[in-house]
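To start, the structure under review is shown below, and the notes come after it.
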Amino acid sequence: FYKRFSYPAINKTEKQRLSFEDPESIYKGKKTWELGRAYLVFSLCGIKMLMENNQTMMKVGKMILGDKIFGKLMKLTFYGHFVGGENEEDLEPLIKDLKELGVDSIMDYSVEEDIDRVKGVMGNGSHKKNECREFFYQGEEACDKNTEMFLKSIDMVADSTDGEGFSALKMTALGRPEILLRMSEIEEAKQFYIRIMEKVGMRTDGDRYKTFQVHNLESGKMEPLLTGDDGGSLMELQEEQFTNMVARLHRVFSYAKSRKVRVMVDAEQSFYQPAINSLTLEMMKMYNTEEAVVFNTYQCYLRDAFSSIVHDLEQARRQNFYFGAKLVRGAYMDQERELAMALGYEDPINVDYEATTNTYYRVLSKCLETIRDIKEAGEDPKKVQVMVASHNEDTVRFTMEKMEELGIQQVEKTVSFAQLLGMSDHVTFPLGKAGYMVYKYVPYGPVME
C-alpha cells in the first residue's frame with residue numbers, strides 16, 4: 001500500500017524561499033515590547049558573571065524584593081520570555097498563536113527543587129554554573145503527585161493541539177533516581193555480556209527483566225534483580241519503589257495512548273541513561289504497536305550515541321514496534337565531565353563540538369536511511385520517526401537536504417523539528433511556514449518554582 005501511495009511533491013518554490021535571515025517576515029507577529037524584552041533578556045544572558053551566579057542572584061533578589069514583586073519582575077523578563085505560563089489558561093492563547101504560524105507544542109511541566117542535588121559527589125560544585133532541570137526524590141507521594149501533573153499535561157495537549165502535540169516526561173520524576181542508577185550499572189553489564197555472546201555467534205534475545213542479574217555478596221551467586229518478593233538483589237523497599245515507578249510509567253503511557261498524545265521521554269545524565277533507555281524501549285514495545293506514542297531522546301554529545309541508536313533501531317525492527325527518537329546535542333556536559341574526573345572513569349562526552357556535530361549527523365542519517373529503507377520495502381514509513389531538536393541552522397539545512405536526497409517528503413510526517421520557546425524563532429517560524437512539522441518546547445509551571 002505504501003509503495004502505491006503517491007505523496008505530493010515538495011513545494012520547491014517555497015523551499016527555495018525558506019530563509020533564516022528575513023527578520024521582517026519572521027517577527028511580524030511579535031509585538032514591539034516582546035522584541036524589546038527579547039533584546040534585554042539575551043543581552044543579560046551574554047553577561048558571564050550573571051549567568052555563573054544566577055541562582056545566588058535570584059535568591060538575593062527574592063530576599064530583597066519579596067516573592068510577589070520578584071515574581072512580577074520574572075514574568076516581565078526571563079520567565080515571560082522562556083516559559084509559557086503557570087497553567088492551562090495562560091498557555092491556551094500561546095498555543096493557539098503558535099498553531100496559526102504552523103508550529104505545534106511540546107508541553108513540559110517544569111518545576112525545580114531548590115536543593116543541592118549532587119552535593120559531595122560533584123566535587124567543587126562548578127557544575128552549578130550550567131544547571132539543568134532535575135527532579136529530587138522526595139518520597140512516593142511526591143512521585144504520585146508528579147504523575148498527576150503529567151496526566152494533566154497530556155489532557156492539555158489533547159485539548160489544544162488536535163493530536164499533533166507532545167507531552168514531555170522526566171523519568172526521575174516518577175521514582176527514586178538511585179534505583180535507575182543501580183539498574184544502569186546492571187544494564188551496562190548485560191550489554192557487555194550480549195556483545196561478547198554475539199561476537200561468538202550466540203543469540204541473546206530474551207526477557208529483559210530476567211537478564212537483570214547481579215552478584216549477591218552474601219550467597220556468592222548471581223541472582224535476579226527483580227523476583228516479586230524480597231529475595232532479589234534489590235532490597236524489598238527498593239523493589240517496591242521500582243515496581244511503583246514502572247506502574248506510574250504504564251499509567252502515563254496508557255493514558256497518553258487513549259488520548260492520542262505522544263510522550264517524549266527526556267534524556268538525563270549518562271549514569272541514569274542505560275536504565276532510562278531500557279525502560280523506554282520496553283514501553284515502546286508495549287505502546288507503540290500501531291503508532292509511535294513513546295519517544296526516546298538521544299544525546300549526541302555522548303560517544304556511544306551512534307551505537308545506541310543502531311541497537312535500538314534494530315530492536316524495533318526485530319520486535320516489530322514503532323520507533324520514535326528525539327535527537328539533541330546534550331545538556332549535562334559540565335556535570336558529566338566533572339563526575340568522570342572525580343570517580344576516575346573515561347569521559348563519556350565527545351572531545352569537542354565538531355565531534356559532537358559529526359555524531360549528530362551520523363545518528364540522524366541512520367534514522368533517515370532507515371525511514372527510506374522502510375518505504376522501499378512497502379511498509380509504513382512512520383514505523384520510524386525522528387525529531388531534530390536543534391537551534392543550529394546548519395543542522396536544520398543538513399536535515400532538509402538529506403530528506404530531499406533520500407526522497408522523504410514532509411507530508412509523510414516522519415521527520416520533525418523542535419526549538420525551545422523563546423529561542424531560534426528565526427528557525428522555527430520559516431519551517432512552519434514552509435510546511436515542515438515543527439514544534440516549540442513549552443515549559444510551564446508556577447513562577448516561584
Side-chain angles (χ1 to χ4, degrees), residues 10-30 34-35 37-39 41-43 45-46 51 81-82 98 101-106 130 166 264 267 297-302 305-306 309 325-331 333 349-350 352-369 371 385-406 408-411 413-443:
I10 294 176
N11 186 333
K12 295 284 185 179
T13 305
E14 190 66 49
K15 184 176 183 297
Q16 290 168 358
R17 286 203 302 264
L18 184 61
S19 170
F20 302 137
E21 299 176 358
D22 181 12
E24 184 175 347
S25 173
I26 293 167
Y27 297 111
K28 65 181 180 181
K30 292 282 187 180
E34 290 177 316
L35 293 176
R37 179 180 65 187
Y39 182 80
V41 166
F42 284 119
S43 296
C45 287
M51 291 299 98
H81 185 74
F82 292 115
L98 290 173
L101 294 169
V103 179
D104 284 301
S105 302
I106 304 172
N130 249 331
F166 283 86
M264 191 77 67
T297 301
Y298 294 84
Q299 300 184 101
C300 295
Y301 70 174
L302 294 175
F306 183 73
I309 201 78
K326 179 181 75 170
L327 308 184
V328 300
R329 278 179 166 78
M333 184 172 71
I349 308 298
N350 281 318
D352 55 26
Y353 180 80
E354 182 180 355
T356 293
T357 297
N358 290 336
T359 299
Y360 197 109
Y361 287 176
R362 286 184 72 201
V363 171
L364 174 58
S365 296
K366 178 64 179 177
C367 291
L368 296 178
E369 289 162 5
I371 293 170
Q385 297 175 41
V386 58
M387 175 177 284
V388 180
S390 175
H391 302 101
N392 187 295
E393 297 171 24
D394 291 336
T395 299
V396 172
R397 290 192 182 97
F398 175 88
T399 306
M400 294 164 59
E401 291 168 3
K402 197 72 177 176
M403 288 173 66
E404 187 170 3
E405 174 191 328
L406 298 174
I408 298 172
Q409 311 277 358
Q410 67 257 47
V411 293
K413 296 187 175 182
T414 56
V415 181
S416 59
F417 300 87
Q419 291 81 39
L420 293 170
L421 182 69
M423 295 182 66
S424 296
D425 289 349
H426 70 288
V427 174
T428 307
F429 296 136
L431 285 170
K433 183 180 178 182
Y436 289 90
M437 286 180 65
V438 61
Y439 294 84
K440 277 296 190 187
Y441 215 90
V442 182

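In this chain, numbering begins with 1 at the start of the sequence shown.
Salt bridge Glu401/Arg397: absent, no basic N to carboxylate O contact under 4.0 Å. Salt-bridge formation is not detected for the pair Glu369/Lys366: no Lys NZ or Arg NE/NH1/NH2 atom is positioned less than 4.0 Å from an Asp or Glu carboxylate oxygen.
When all heavy atoms are compared, the tightest approach of Val427 to Pro430 is O-CD, 3.5 Å. Nearest heavy atom pair, residue Gln299 against residue Ala331, reads OE1-N, 3.7 Å. Nearest heavy-atom pair across Gly102 and Val438 is O-CG1, 3.6 Å. For the pair Thr395 and Thr399, the tightest heavy-atom approach, listed with the atom from each and the gap, is O-OG1, 2.8 Å.
Rounding to the nearest 0.5 angstrom, the gap separating the CZ atom in Arg37 from the CZ atom in Phe42 is 10.5 Å. Put simply, CG on Leu364 and CG on Leu327 are 6.0 Å apart, with the number rounded to the nearest 0.5 Å. Taking CD1 from Ile309 and OG1 from Thr359, the interatomic distance works out to 12.5 Å, rounded to the nearest 0.5 Å. Atom CD1 of Ile106 and atom CG of Leu421 lie 11.5 Å apart (nearest 0.5 Å). To the nearest 0.5 Å, atoms CG (Leu406) and CD1 (Ile371) are separated by 9.0 Å. A distance of 8.5 Å separates SG in Cys45 from CE in Met423, rounded to the nearest 0.5 Å.
Applying the side chain to side chain contact (heavy atoms under 4.5 Å, CB included) test between Val415 and each of Gln410, Met403, Lys402 identifies Met403 as the sole match.
In this structure, Arg329 and Ser390 have side chains that are in contact, with non-hydrogen atoms separated by less than 4.5 Å. Within the 4.5 Å cutoff, the side chain of Lys326 has no heavy atoms near those of the Tyr439 side chain. Within the 4.5 Å cutoff, no side-chain heavy atoms of Phe166 are placed close to those of Val442. Residues Glu34 and Tyr27 are not in side-chain contact: their nearest non-hydrogen atoms beyond the backbone lie 4.5 Å or more apart. Looking only at side-chain heavy atoms (C-beta outward), Thr357 and Tyr353 come within less than 4.5 Å of each other. A 4.5 Å side-chain heavy-atom check between Met400 and Leu431 finds at least one atom pair inside the cut-off. Side-chain contact between Ile349 and Leu302 is present, with heavy atoms from C-beta onward closer than 4.5 Å.
Listed by chain and residue number, Gln419, Lys440 satisfy the side-chain hydrogen bond (donor to acceptor under 3.5 Å, both in side chains) test with Thr428 (two or more places apart in sequence, or in another chain). Applying the side-chain hydrogen bond (donor to acceptor under 3.5 Å, both in side chains) test to Tyr360 and every residue at least two apart in sequence or in another chain returns nothing. For the side-chain hydrogen bond (donor to acceptor under 3.5 Å, both in side chains) test, no residue two or more places apart in sequence or in another chain qualifies with Gln385.
Using the six-membered ring where Trp is involved, Phe398 and Tyr361 have ring planes that are parallel, under 30° apart on the 30 and 60° scheme.
Proximity of a side-chain donor or acceptor of His391 to a complementary backbone N or O of Ser424 within less than 3.5 Å is not detected. A donor-acceptor contact shorter than 3.5 Å links the side chain of Asn350 to the backbone of Cys300.
Remark: Arg362 CZ is loosely packed, at most 12 non-hydrogen atoms of other residues, nucleotides or ligands lying under 6.0 Å away.
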